[in-house]
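Down below is the structure, laid out as structure tokens.
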Amino acid sequence: MTDDASLDAIRAAVDTIVPATDNLPGGLAMGVDRHVVDLIEQSFPGFVDLIAALLNAYSMDVKLGAPFAELSPDERTTVLRAMSTDDSQDIRDAVDALVVFTNGGSYSEWSGYDRATGKISAPPTWAHVGFHGPVHGHPDYREDV
Amino acid sequence: MTADVIIVGAGGGGPVVAKELAERGVRVLMLEAGPWLEPDNDFTRLEDDMGSLVDGKLRWGPGDRTKAPWVRRRDGVGLILQAAGVGGTTLHYNGICPRVYPSAITEAWPLTYEQLIPHFEQVEEFLPVVLVDDLATKDALFAAGCEQIGLKRSETRDVSEAMWRPCHNAILPIAKMPVGTSLRYPEVDGCTMCGHCLQGCPNPVGAPVERKAKRATNVSYVPAAMATGNCEIVANAFATAILFSNGDGRARARGVRWRDTATGDEREAEASAVVLAGGSIESPRLWLNSGLPNSQDTVGRYLSMHLQDFVTGFFDREVHPNIGQVTMARADFPGYGTIWSQGFGPQSFSIVMGGGTGFWDDEPDGPWDFQGRGWGEDAVRRMGEYHRSLTIAISTDDEEIPTNRVMLADDWPADEHGPVPKVVYHPTPMSRERQDWLARKGTEVLRAAGAKQVHRTKIHPAFFTHIMGTLRMGNDPATSVVDSGGEAHEVERLFVGDCSVLPNGLGGPNPTLTAQALAARTAEQIASRYFA
């Protein structure tokens with residue numbers, strides 16, 4: 001069972017990578033933290049706690065005694081930057097997992113798709129990026145260049 | 001059935017060998033570690049559902065998506081994009097089918113370019129490989145940028161100088177789609193330019209499997225092999241050992257043991273010959289886990305992967321990176337590698353923009369405006385420009401060296417299929433120089449096409465999509481594993497029919513066609529050596 005404090009750290013990471021902005025809900029509002037936790041645990045059971053422990057350990061260098069979830073957005077970015085340039089590939093991979101899974105959950109169909117029924121509602125990010133979703137074809141595939 | 005030949009892996013190469021042998025009356029059993037999906041029912045065109053590395057339908061893992069993906073340990077290696085399932089990695093490849101550059105046929109090769117040509121033509125005609133007769137907007141922009149910097153247009157398949165080309169793709173010709181068409185077969189027949197090549201092509205809707213537009217092996221070579229009545233395919237069958245006998249001299253392959261990934265049951269079958277075609281990671285892993293001879297310590301070495309990268313331009317106009325065959329134009333630079341326009345959906349785009357070396361607010365180390373990683377509010381805003389972006393993929397002529405390799409991991413527990421593979425890749429300085437050169441050239445193309453800003457991902461560690469070598473073909477057993485006919489130097493009746501046999505990185509071009517041409521040749525060799 002993943003520790004609640006670990007989930008707080010993952011939520012904070014998701015909120016740092018894809019925050020809410022004007023007119024667009026962030027990753028947290030789309031539930032992407034669940035996606036990140038599920039994918040990490042499916043790949044390597046127990047690794048959510050491990051990644052959260054890493055985030056909190058690196059946070060000590062930024063603000064003594066403060067866990068990652070209690071840092072400001074800029075301070076969290078400092079932590080993620082430090083981890084992503086660490087000598088250890090495993091630590092760099094932890095950041096990659098957070099970034100890839102957070103972006104993947106935010107900009108794909110994930111938040112609006114029910115795998116069991118196949119029903120899909122476009123996630124809010126699609127209108128933001130100018131993506132129309134899946135299609136059968138594009139007869140008008142070329143504009144003048 | 002009783003098989004004459006067992007093929008391990010139904011990806012890009014195995015089905016080529018299967019079809020060519022089955023048509024000659026040789027009875028084939030083909031094992032596939034992943035599931036056998038149906039395009040109409042299973043291919044949802046959705047990026048995460050199909051492409052998630054953890055639980056996507058085209059992941060490297062068992063058919064039951066609630067189970068963990070299969071583990072690869074990595075050293076200097078980032079994301080590995082490989083698909084399990086009938087069709088293998090061709091399920092999510094772009095379908096780009098260039099030939100090896102003639103200049104890349106070095107002394108490491110046991111064959112000449114001229115010897116390869118009949119096999120290229122054989123595969124190109126069958127798939128078919130088609131010269132695209134029009135470009136989507138993104139590709140037309142790429143082409144305009146190439147023309148602006150002085151690259152000449154060519155339609156040749158045999159590349160010996162710098163040029164740009166409309167692509168030769170293993171995709172049916174663009175369908176006629178008059179206004180008001182239903183976009184369903186048979187009203188449309190051919191490529192509908194939907195942009196979902198990377199999600200496993202399910203279009204045209206309603207088309208029989210054999211008429212799906214992108215010619216992954218599950219819709220091309222597999223149906224042809226099955227139509228002979230001489231080929232049986234067992235999906236969800238993970239090979240765990242090549243069975244062999246130690247005779248008086250050379251070892252001799254005699255069968256395969258595999259595990260049913262759903263039930264856990266183990267089975268064995270014997271045959272007159274065995275073909276390894278599980279890809280450049282699993283084929284050497286299976287070799288090593290089987291205890292097959294490796295007296296020269298050549299198995300797993302000379303791994304090559306094209307040191308890929310991306311540069312992305314942002315324009316004042318619509319680019320539509322999600323429309324059209326994902327790649328319809330390319331530029332070739334023998335001696336350096338190749339670049340092409342890369343279409344994709346927003347999930348892939350977010351990863352291209354969010355990964356890499358350095359950070360967006362650092363000083364860039366080249367002619368691009370920003371590089372590496374970005375996240376937070378700036379990244380969300382930048383994602384809003386997806387529809388005005390053109391990404392160019394970079395595929396480097398990376399040097400093959402013996403220390404880049406696949407080995408058995410000693411720092412991770414074995415899984416249900418034995419010790420797991422460890423993939424080790426550290427590029428040479430020359431490979432890095434060539435990658436940088438191509439990134440600069442790609443940036444030049446983007447700016448010439450009108451890009452207002454350019455981002456370089458600068459991927460590190462390496463991003464694996466073109467995985468080559470590890471059981472390379474050659475005349476010298478000290479530096480190669482199989483002979484020019486694809487048969488192991490040290491194991492009689494054991495052949496290799498996938499990208500593992502490629503002696504080097506082909507100079508940069510996408511490897512599938514060359515591997516398939518060699519697989520077709522190897523099938524001929526199997527037939528002539530043991531089933532004449």
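So that the names make sense, note that chain A is the first sequence line, chain B the second, and so on, each numbered from 1. Values below: every heavy atom of this structure, side chains too, minus hydrogens, waters and symmetry copies.
- Proximity of a side-chain donor or acceptor of A/Gln42 to a complementary backbone N or O of B/Lys67 within less than 3.5 Å is detected.
- For the options B/Ile351, B/Asn203, B/Leu46, heavy-atom pairs under 4.5 Å to chain A are most numerous at B/Leu46.
- Between A/His138 and B/His320 there is no side-chain heavy-atom pair separated by less than 4.5 Å.
- Using a 4.5 Å heavy-atom threshold, the side chains of A/Phe44 and B/Val54 count as separate.
- For B/Glu318, the parts sitting under 4.5 Å from any heavy atom of chain A are the backbone and the side chain alike.
- B/Arg184 touches chain A through its side chain: at least one heavy atom from C-beta onward sits under 4.5 Å away, while N, CA, C and O do not.
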Assess the residue pair B/Phe349 and A/Val129 against the criterion (side chain to side chain contact (heavy atoms under 4.5 Å, CB included)); give the C-alpha distance rounded to whole Å, side-chain angles, the decisive distance to 0.1 Å, and a yes or no.
CA-CA 10 Å; B/Phe349 178 71; A/Val129 305; over 6 Å; no
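- The closest donor-acceptor contact from the side chain of B/Glu377 to the backbone of A/Thr21 lies at 3.5 Å or more, if one exists at all.
- In this structure, chain A has no heavy atom under 4.5 Å from any part of B/Val188.
- A donor-acceptor contact shorter than 3.5 Å links the side chain of B/Thr137 to the backbone of A/Glu143.
- With a 4.5 Å cut-off on non-hydrogen atoms, B/Pro461 touches chain A through its side chain but not through its backbone.
- Interface residue B/Arg59: only side-chain heavy atoms are found under 4.5 Å from chain A.
- Counting heavy atoms from C-beta outward, B/Pro69 and A/Ser43 have side chains that approach closer than 4.5 Å.
- Side chain of B/Gln347 to backbone of A/Trp110: no donor-acceptor contact under 3.5 angstrom is found.
- Counting only heavy atoms from C-beta outward, the side chains of A/His35 and B/Asp48 approach each other to under 4.5 Å.
- Between A/Arg142 and B/Asp139, no side-chain nitrogen of the basic residue sits less than 4.0 Å from a carboxylate oxygen of the acidic one, so the salt-bridge criterion is not met.
- Inspection of non-hydrogen atoms places A/Thr77, A/Leu80, A/Arg81, A/Ser84, A/Thr85 of residues 61-88 of chain A under 4.5 Å from chain B.
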Side chain to side chain contact (heavy atoms under 4.5 Å, CB included) between B/Ile174 and A/Tyr141, intermediate numbers included:
CA-CA 10 Å; B/Ile174 301 169; A/Tyr141 56 81; 4.0 Å; yes
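- Side chain to side chain, A/His132 and B/Asn322 meet the donor-acceptor criterion of an N or O pair below 3.5 Å.
- Expressed to the nearest 0.5 Å, how far OH of B/Tyr386 lies from CH2 of A/Trp126 amounts to 10.0 Å.
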Derivation of the side chain to side chain contact (heavy atoms under 4.5 Å, CB included) call for A/Arg115 and B/Asp49:
CA-CA 8 Å; A/Arg115 286 186 178 179; B/Asp49 188 40; 3.3 Å; yes
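- Side-chain contact between B/Arg373 and A/Val95 is present, with heavy atoms from C-beta onward closer than 4.5 Å.
- In this structure, B/Thr44 and A/Pro134 have side chains that are not in contact, with every pair of non-hydrogen atoms separated by 4.5 Å or more.
- Counting heavy atoms from C-beta on, the side chains of A/Pro139 and B/Leu183 come closer than 4.5 Å.
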